[in-house]
Structures are given as C-alpha cells and as structure tokens.
Amino acid sequence: MGEGESGAFSAEDALEIILEFDRTGKISYANASARNKLGYEELRGQHISALFPNAFRMTDTGFESDLSFGDGTGHLVIYRGNRTCFPVEAKIKENADCPGTFICMANDILEREHLGREIGQVREEARQAARLKSEFVANVTHELRTPVNGILGNVRELLNHVTDVQTVKTLRLVERCCGDMNKIINNILDFSKLDAGKFILEPRRFHFRSMLDYVKAQHISRITEKGLDFFMTVSPQVPEYIIGDELRIVQILNNLLSNALKFTSAGEIALQVLRTAQVEDKVELFFIVSDTGIGIGEADMDKLFRSFSQVDASISRKYGGTGLGLSICRQLVELMGGGIEAESKQGKGSTFSFSIWAEAEEEALPEEPDDVKAAFMHMAVHEDGAVQEKGGGREYGTPENQEALKRHLSRLILSVEMENWEKAEMFMEAVRQLTEGAPPDVRRQVLRLKMAVQKENYDKVMEEYQKLGICDTSF
Ligand code: ADP
C-alpha cells in the first residue's frame, strides 16, 4: 500500500503511528500520524532500524530484533528524521493478511510521561506542604502551652493567697479558661500527630474496671449537677486486666461522655462495656455511650467523624468545641484495630459505640452474641443490673410500657435460647420493673418466670413465658 492511501487495516486516520515493513526491514507503509510526527521526507523505503535503533539492527538479509512480536505492548524510543526522539508504547506483529510483512502500532507517550512527572511533582509538593503545615501547627500549639501553663501556675499561686470572694471567683474563671485552652491545645497536637502518621500507642497492663471508675469520677459530679442519671455496666466477661493504651481509651471515653453531657439536659447517660470476640489472647471490647440529649439529624450523621466538623454553626456557638474530638476518637479507635459508629434521632438522644482490640491475660470466656450486643445498643443498663428503657415506659398498661415489655421479653427469650443466663437475668429484671404496676396475677406470673430464669431452667422458662402470655392478653 502506498503513503496517503487507506491501508489494508484502515489505519490512515488513526491517531497512533502505524507502520508496515517487510522481511528486509524496509518500510512499505506509514500512516498520516507517522508522517506528521516523524518528519521524514519519505518514510517509505526507510529501514525500520533507522526509526528504532535501540530495538532493531540491520543485517545483510534484513533485520534482527530482541523484541517478541505479538499482541503485547512494550515501551520503545522512536527517532524522527532529524534524529530527535520520543518514547512510544508499541506493539509489533506479523500481518496476518499478508505473511512476511509486519505492522508496528505506536502511541506517543511523551505527553503522558510529562503529565505523570508533573503529577508526581505536584503530589510531592502537596505532601511537603502538608508536612510543613503539620509541623507548624505542632510547633505553634506546643509554644502556646508554655504561656498557658505559665498563667495557670501563677493563678494557682495567687489563689493560695487571695481571700476576697470576687477575686477568687475571677481567678477560678481564669483557671478554667486555661484548662479549656489546654484541652484544645492537646486536641490539636493529637490531631496533627495522627494526621502526620506519627502517633504511637503506648500499651501497658492496667486494671480495666479501675480505669472505668476513674473515667466515671471525672464526670459524675457534673452529671448529677445537671440532674441527669448515670448508668454504667461492665459485662463480667470483660477481663480484669488488659494490655492496651489506657490513656487513650480514657481519652475516647472522656470525649464521648463530655459530648453526651454537653448535649443532654434531661434524662440519662449510660456507659456499657461488653466483650464481643476473642482470638487467642486478644479480646475485642465493645463500648456503648448513650444519652437522651438533643440528638443529631440524619443529614448530619456523616459529618460527625470528620475533622473540624460540627453539626452546625449554631451548635458551635452555643456549646463550643473544635469539632476535632470525634475525628481523633475515630483515628485512635482505628489504631486500636476497631471502629466507631453513631446512631441518633434528633430530639431523642444519641448512641456512640466503638470497639477496640486489646491483649487479655485470662482464659477465653464465651462471647457476647451479636443479637445481645444489638439489643444493648438500644437501652441503658443500671449498675445493679436493672434495665431502663429510654423514654420511660414504666407506667404499666401505657402503649410505651407494652412496647417495652414486648421488646424485653423477646430479648429475654433470645438470651435464654443462647443460654446467656446472665443477660437473661438482666432482661428479666427489666420485665419485673416494667410490670411493677400490673395486676397481681401478672406480677405473680412474672415472679414465676423470674425464678425459672434464676434456676437457669430452659424448659421451665419457656413454660412460664407461655403462661405469662395467656394470663395477660394485652401483650
Ligand atoms: P466538639 O469538640 O466540637 O464537641 P466533636 O468532634 O466531639 O467536637 O463533636 C462534633 C459534633 O458532633 C458536635 O459539635 C455536635 O454537633 C455533634 N455531637 C457529638 N456528640 C454528640 C451527642 N452526644 N449529641 C448530640 N450531638 C453530638
């Protein structure tokens, strides 16, 4: 075929360079793209080794090449008539329609390589800028710490000497402001370390329940000051001692409890801990922090764990905060091999749950079944084991009460079926509380059911459960 004609493979207008050459290496066809890009006066008749000197050698009979011809592509360098060159991605194969001739198809990848290099450069610059920013933030916050602690120290010193009530009040206020400032500084420092991937966990052995008591002690007075109830339950399956980063677990719990406290003006706050899995000496601990506060709208749920994000500006004005807390919690929880989630209904309250993996010293105990875990997500459990349904439901016979009863009975039966008697007793206690105002025959039947649960007698529980259904048709 001749130059300028449409080739046998309809290649004339193709964007890629298309060449045909014979056994002797002589080019018999070059498409428009080849003619334009390679700048030869006449491409036909040129030897293929002139275009690809690194891939083809001219011989007495034709050419030699180390390339494997076929459908695979490779990177080659193609030379123009003026001996400048550019990289191509090329495929060379024998022409099936005309044996003894070869077709070379080559794409100019100069631009792509340029682009790739530019992208790499931009990416590197962005990485550098981010690193510089993180270092700057870390330095500035660190520098801020010194004056804040200076003020704090002096205020505390003054507080030792001052007796005037108004001055003491002012100094206490300054002390509190410094405390808040330190919290913000610590958050920003943690955030920049986590952001830069420089955060290191410091695991050590600690007594798990003492850690929870410490967390509780930090919040309980403000919780009671606000007139809220606080419930804390730890499943007996949670080991006494674990090896984990205590400080960071405390930090996550503090953040979730402070938020719960900040956004709740009536009702209760609950903290529960379950052991949800064990693999050899590693345990998965599942924490639930729930409140009956203002809740979060559905549209805002996905913003929660993002850095610097607060649900809306009016909330930040009213309640303060940096919007970093939950993002830090998420990153810390992920470093501990777990995840964090939130469930909420506007005006009804929020439940934050997270899991972490830690080392345990004790022998494996049966795990908490998923259904029980899910059931726990929706209720607050009293420290003594009693269960309180959110939003009341204590008054026997009301729709809320009947609904709560139904729910607790089904959880009770679920726990019995799983032979988790400890859980069953908790749900039983809730059923007992919810039937406190019931007619005497119902209460008696509930007591019989309770005894069967306490005896851990499966058949008896099922029997008494059936009877309970018969003795009060309202649920
Ligand atoms: P901040 O330090 O501003 O509280 P967080 O990351 O801890 O930052 O929380 C981000 C936002 O998520 C809060 O400003 C609030 O809008 C919402 N939020 C977090 N916890 C709760 C909760 N328990 N109830 C209602 N809203 C919450």
Side-chain angles (χ1 to χ4, degrees), residues 207-220 223 228-240 242 244 246 249-261 263-264 267-278 283-293 329 333 336 338-345 348-358 360 365-391 404 407-408 411-412 414-415 418 420-431 433:
H207 188 256
F208 190 77
R209 284 162 181 79
S210 306
M211 178 276 292
L212 289 180
D213 286 341
Y214 169 70
V215 170
K216 179 178 161 185
Q218 292 184 61
H219 298 275
I220 197 69
I223 291 178
L228 303 171
D229 288 327
F230 181 69
F231 306 122
M232 183 162 93
T233 334
V234 187
S235 154
Q237 290 160 324
V238 172
E240 284 295 306
I242 65 164
E246 183 181 13
I249 299 174
V250 168
Q251 181 176 350
I252 300 166
L253 287 172
N254 274 345
N255 196 86
L256 296 182
L257 286 170
S258 305
N259 278 349
L261 182 60
F263 297 109
T264 307
E268 67 202 30
I269 293 171
L271 166 63
Q272 297 152 64
V273 191
L274 307 169
R275 192 184 63 91
T276 40
Q278 173 134 14
V283 284
E284 186 191 49
L285 298 177
F286 189 71
F287 299 74
I288 306 163
V289 175
S290 52
D291 64 59
T292 52
C329 287
V333 160
M336 295 184 202
I340 186 164
E341 278 174 35
E343 265 180 40
S344 185
K345 260 211 174 115
K348 291 258 156 59
S350 313
T351 301
F352 285 82
S353 62
F354 68 94
S355 58
I356 58 162
W357 282 89
L365 294 156
E367 283 159 23
E368 321 264 2
D370 273 356
D371 311 43
V372 174
K373 187 169 114 185
F376 262 68
M377 291 282 293
H378 300 285
M379 65 186 66
V381 183
H382 217 285
E383 241 169 315
D384 62 9
V387 183
Q388 282 206 337
E389 189 65 20
K390 280 183 200 164
R407 215 167 23 243
H408 281 100
R411 285 165 192 165
L412 164 68
L414 181 78
S415 307
M418 289 174 168
N420 189 336
W421 293 102
E422 189 203 330
K423 285 278 126 62
E425 277 199 39
M426 280 190 186
F427 293 125
M428 188 61 238
E429 177 55 25
V431 170
Q433 288 178 14

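Each residue takes its place number in the sequence, starting with 1. Computation of the quantities below employed the complete heavy-atom set of this structure, encompassing side-chain atoms and omitting hydrogens, waters and symmetry-equivalent molecules.
- The line from CD1 of Ile288 to CG of Leu271 is 9.0 Å long, rounded to the nearest 0.5 Å.
- For the residue pair Glu341 / Ser353, no side-chain donor-acceptor distance below 3.5 Å is found, with atom types taken as modelled.
- Atom SG in Cys329 sits 12.0 Å away from atom CD1 in Ile249 (nearest 0.5 Å).
- Between Gln237 and Val283 there is no side-chain heavy-atom pair separated by less than 4.5 Å.
- With contacts defined as side-chain heavy-atom distances shorter than 4.5 Å, the pair Arg275/Ser235 does not qualify.
- Between Ala424 and Leu412, the shortest heavy-atom distance links the atoms O-CD1, 3.2 Å.
- Side-chain contact between Val273 and Phe208: present, with at least one pair of heavy atoms (C-beta onward) separated by less than 4.5 Å.
- Between the CD1 atom in Ile356 and the CZ atom in Phe286 there is a gap of 12.0 Å [rounded to 0.5 Å].
- Using a 4.5 Å cut-off on side-chain heavy atoms (C-beta onward), Ile252 and Met336 make contact.
- Under the side chain to side chain donor-acceptor pair (under 3.5 Å) criterion, Ser344 pairs with Ser350, sequence neighbours left out.
- Contact check for Met232 versus Asp213: side-chain heavy atoms found under the 4.5 Å cut-off.
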#### Entry: side-chain contact (heavy atoms from CB on, under 4.5 Å) between Ile242 and Met211, intermediate numbers included
CA-CA 11 Å; Ile242 65 164; Met211 178 276 292; over 6 Å; no
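- Between Val250 and Glu246 the shortest side-chain heavy-atom distance falls below 4.5 Å.
- With sequence neighbours excluded, the residues that form a side chain to side chain donor-acceptor pair (under 3.5 Å) with Gln251 are Asp190, Arg248.
- The side chain to side chain donor-acceptor pair (under 3.5 Å) search around Ser210 returns His207, not counting sequence neighbours.
- With rounding to the nearest 0.5 Å, the separation of CG in Leu261 from CG in Leu256 is 12.5 Å.
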### Query
For Thr264 and Ile223, what are the C-alpha separation, side-chain angles and deciding distance, and is it a side-chain contact (heavy atoms from CB on, under 4.5 Å)?
CA-CA 9 Å; Thr264 307; Ile223 291 178; over 6 Å; no
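- The two residues Val333 and Gly339 come nearest to each other via the heavy atoms CG1-N, 3.3 Å.
- Counting heavy atoms from C-beta on, the side chains of Arg209 and Val234 come closer than 4.5 Å.
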#### Entry: side-chain hydrogen bond (donor to acceptor under 3.5 Å, both in side chains) evaluation trace for Glu268 with Thr292
CA-CA 6 Å; Glu268 67 202 30; Thr292 52; 5.9 Å; no
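- Ring geometry, Phe354 versus Phe287: the interplanar angle falls under 30°, so the pair is classed parallel (tilted spans 30 to 60°).
- For the atom pair CG (Leu228) and NE2 (His219), the distance works out to 13.0 Å, reported to the nearest 0.5 Å.
- For the pair Met426 and Thr233, the minimum side-chain heavy-atom distance is below 4.5 Å.
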